[in-house]
Amino acid sequence: MRREVVGLALWIALCFVAAGLGSIATARGLDGWYRDLAKPAWTPPGWLFAPVWTVLYLLMAVAGWRVWLRVGLRSVAVGLF
């Protein structure tokens with residue numbers, strides 16, 4: 001049980017480190033070109049992106065963890081992840 005919990009924590013950390021790096025890499029661009037785009041009326045409000053991306057990365061971590069539990073680190077799926 002301890003192995004599974006530690007594994008899940010590591011998968012979550014891995015995914016959120018990737019999310020943080022992506023956020024750092026794109027944060028400056030949001031102040032410029034994206035803000036000035038002519039977006040359609042159905043574009044979601046800006047405040048919605050943070051919780052949606054957080055849930056997405058959390059679900060990716062859980063998916064990676066579940067594959068790791070079943071097949072280990074030497075699988076093609078985990079390698080591609």
Side-chain angles (χ1 to χ4, degrees):
M1 179 69 172
R2 184 174 188 275
R3 176 180 177 266
E4 289 85 3
V5 172
V6 170
L8 178 58
L10 289 173
W11 278 100
I12 291 172
L14 174 69
C15 286
F16 279 94
V17 164
L21 292 174
S23 176
I24 290 167
T26 59
R28 288 184 52 204
L30 294 178
D31 290 336
W33 68 270
Y34 185 75
R35 184 190 64 222
D36 298 334
L37 281 177
K39 297 179 223 46
W42 50 266
T43 300
W47 63 265
L48 189 59
F49 286 93
V52 169
W53 279 102
T54 301
V55 170
L56 176 66
Y57 275 88
L58 183 61
L59 292 174
M60 289 189 315
V62 171
W65 172 68
R66 292 191 64 191
V67 171
W68 168 75
L69 282 177
R70 186 169 294 249
V71 296
L73 289 177
R74 293 191 192 128
S75 75
V76 173
V78 173
L80 291 173
F81 185 85

With the 4.5 Å side-chain cut-off for hydrophobic clustering, are [X] and [Y] part of the same group?
{"X": "L56", "Y": "F81", "result": "yes"}
{"X": "W53", "Y": "L59", "result": "no"}
{"X": "Y57", "Y": "V17", "result": "no"}
{"X": "L10", "Y": "L8", "result": "no"}
{"X": "W65", "Y": "V71", "result": "yes"}

task = Go through the structure and list residues passing ring pair (Phe, Tyr, Trp, His ring centres under 6.0 Å) with F49, not counting sequence neighbours.
result =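 Here no residue qualifies.
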task = Please round to the nearest 0.5 Å and tell me the distance separating atom OG1 of T43 and atom CG of L48.
result =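 Output value for this atom pair is 11.5 Å.
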task = Kindly give the heavy-atom pair with the smallest separation between A77 and V67, and that separation in Å.
result =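 Of all heavy-atom pairs spanning A77 and V67, the closest is CB-CG1, 4.1 Å.
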request  = Taking the side chain as every heavy atom from C-beta outward, state whether W11 and F16 have any pair of such atoms under 4.5 Å apart.
outcome  =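 A side-chain contact under 4.5 Å is absent here.
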